[in-house]
Amino acid sequence: MILLLLFQAGCGEEIPAIAGDASFQAEGVSIVNKGNYYNVEIDFTCGLTHKQLGEAYAKGILKVVPNYESLVDSYIGENLTSYENKYAMYRVEDIKPQVNKEYAEEIEGMASVFSGGSQNKFKDNKISKDEFFLFNLFTDAVRGTQCSYISVYGDRSDDHRNMVARNLDWYGGSVNQLPKIQAFITYKYTDKKVYSIGYLGYMGILTGFNDHKVFAGILDSGTNAPYSSEGRRSYPLDLRFALENTKTMKEAAEFMQDPTKLYSFNHNIGFSDPDTSIILENNFSGNGTNGHKVKRAIRTEDSKLNNNVSWGIKNSIASVNSFILYGNHDNHSSNKYNTKRWNNIKKQLQNKGSTVSFEELKEVACYADGSPGTFSESGDVYNKMTLQMVIFQPDTLKLEVFFRPKNIRKNPGNPVFEKITVS
């Protein structure tokens, strides 16, 4: 059974927030309220264990967001029925043994601070240990998200530096639960740093990069194949490991492409470095096309694509939530969510001419034939489900992010981007 997120209609009402402390500082953990997001640093050089850092992080979260537990618990409750929640917990139990030990210790340390303990009571405004694992394994155990990824480089970039635009289109919750906990997180180690644009308490990578200037963003790509969680891994947590332990885009992609690493749901990953970008089509189920088997393979701008799919824009690449490599499973051509956004990305990028600036790439990511349009029908790149838009230049670490405002569910007609200094 595939569990689908509830794509509920947005509304423009003000939603009051429960005010917490403006900042939190303790050994190994710093959290600062920046308005629409929280700036977080987790310092693994401080001498604390991963579990102890998890405990400190959770204590900090509760200081700055006192109703964090009710926000996360209600978000889970809106995406699952009580019956589905039971089976989601079974999936969590299947996936947990394959989670990196240190990451599991972080999650367990955080869960020990929350009030739910070992009791998995549905919609009780508390977070239990299993429920917090479910929150961290959401992309692996609960399905139904959309995203897009666009990159220009070489002669198409006005300064010849690679630039990336990545939109995260998720259900934010009936009372904006996710926007209220969105964060820019720095994982600091002795010899490296990894950065995540995500959510307080979420320890995997939805969108992120490392100090070797390798950038990555995940995009679900369902094939309607039977779901299995047995022996499967978490791809956002594995992506964090890849960014922490590789130095090049090629190495990171190869790590995620490894056929011995089995995942519960097919997906794409956009990868970028200072020079270029690629799309990993990480497909392990669903029928191939044109007599081919399914693929876990890299797509470049020059790759041969399935019939009736074209790109043809030199020095650029893009992805929506579908596989398009020649011979790969075709979950694109009959899916209006994918085909309309794909065609609009192509059209808007072509309209920018032979070169594209940072601001012009931002305009492509912000394309909406409305204010902004409905998700399913319009094909808008920026739509009512968009929670984050990330514009990034790996070479210079120039980063700007649109975070949906915490207190309104209807996305603004003119999204405002935050300039984030990467240190």
Are any side-chain N or O atoms of [X] and backbone N or O atoms of [Y], one a donor and one an acceptor, separated by less than 3.5 Å?
| X | Y | answer |
| --- | --- | --- |
| Gln348 | Ile345 | no |
| Glu78 | Ser174 | yes |
| Glu281 | Leu325 | yes |
| Asn167 | Met389 | no |
| Arg91 | Ala141 | yes |
| Arg166 | Ser151 | no |
| Asp21 | Ser23 | no |

- Message: Is the terminal nitrogen or CZ of Lys398 (NZ for Lys, CZ for Arg) located under 6.0 angstrom from the six-membered ring centre of Phe358 and within 45° of that ring's axis?
- Response: yes
Verify the ring-centre separation between [Y] and [X]: is it less than 6.0 angstrom?
| X | Y | value |
| --- | --- | --- |
| Phe114 | Phe132 | yes |
| Tyr227 | Phe265 | no |
| Phe44 | Tyr189 | yes |
| Tyr235 | His267 | yes |

Solution key, residues 193-206 side-chain donor-acceptor pairs under 3.5 Å, sequence neighbours excluded:
{"from": "Lys193", "atom 1": "NZ", "to": "Ser423", "atom 2": "O", "distance (Å)": "3.2"}
{"from": "Tyr195", "atom 1": "OH", "to": "Ser423", "atom 2": "O", "distance (Å)": "2.6"}
{"from": "Tyr199", "atom 1": "OH", "to": "Gln388", "atom 2": "NE2", "distance (Å)": "3.4"}

Between [X] and [Y], is any pair of side-chain heavy atoms under 4.5 Å apart?
| X | Y | value |
| --- | --- | --- |
| Arg161 | Thr396 | yes |
| Glu27 | Gln52 | no |
| Leu349 | Trp311 | yes |
| Lys340 | Asn343 | no |
| Leu239 | Pro236 | no |
| Val142 | Leu134 | yes |
| Val113 | Leu62 | yes |
| Phe323 | Asp330 | no |

May I have the list of side-chain donor-acceptor pairs in residues 102-109 shorter than 3.5 Å, sequence neighbours left out?
{"from": "Tyr103", "atom 1": "OH", "to": "Phe241", "atom 2": "N", "distance (Å)": "3.3"}
{"from": "Tyr103", "atom 1": "OH", "to": "Glu244", "atom 2": "OE1", "distance (Å)": "2.6"}
{"from": "Glu106", "atom 1": "OE1", "to": "Arg240", "atom 2": "NH1", "distance (Å)": "2.9"}
{"from": "Glu106", "atom 1": "OE1", "to": "Arg240", "atom 2": "NH2", "distance (Å)": "3.3"}
{"from": "Glu106", "atom 1": "OE2", "to": "His50", "atom 2": "ND1", "distance (Å)": "2.6"}
{"from": "Glu106", "atom 1": "OE2", "to": "Arg240", "atom 2": "NH2", "distance (Å)": "3.1"}

- Message: Is it true that Asp140 and Ser234 share a donor-acceptor pair across their side chains at a distance under 3.5 Å?
- Response: yes
- Say whether Asn411 and Arg404, considering side chains only, have a donor N or O and an acceptor N or O under 3.5 Å apart. yes
- Query: Taking the inter-plane angle between the rings of Phe138 and Tyr75 on a 0 to 90° scale, is it parallel (under 30°), tilted (30 to 60°) or perpendicular (over 60°)?
  - Reply: tilted
- Message: Using 30° and 60° as the class boundaries, would you call the ring planes of Tyr382 and Phe402 parallel, tilted or perpendicular?
- Response: perpendicular
- Looking at Asn321, Leu168, Val320, which hits side chain to side chain contact (heavy atoms under 4.5 Å, CB included) with Gln146? Asn321
- Val40: which of Ile185, Thr186, Ile61 passes side chain to side chain contact (heavy atoms under 4.5 Å, CB included): Ile185
- Message: For Glu251, is there an ion pair with Lys247 - N to carboxylate O distance below 4.0 angstrom?
- Response: no
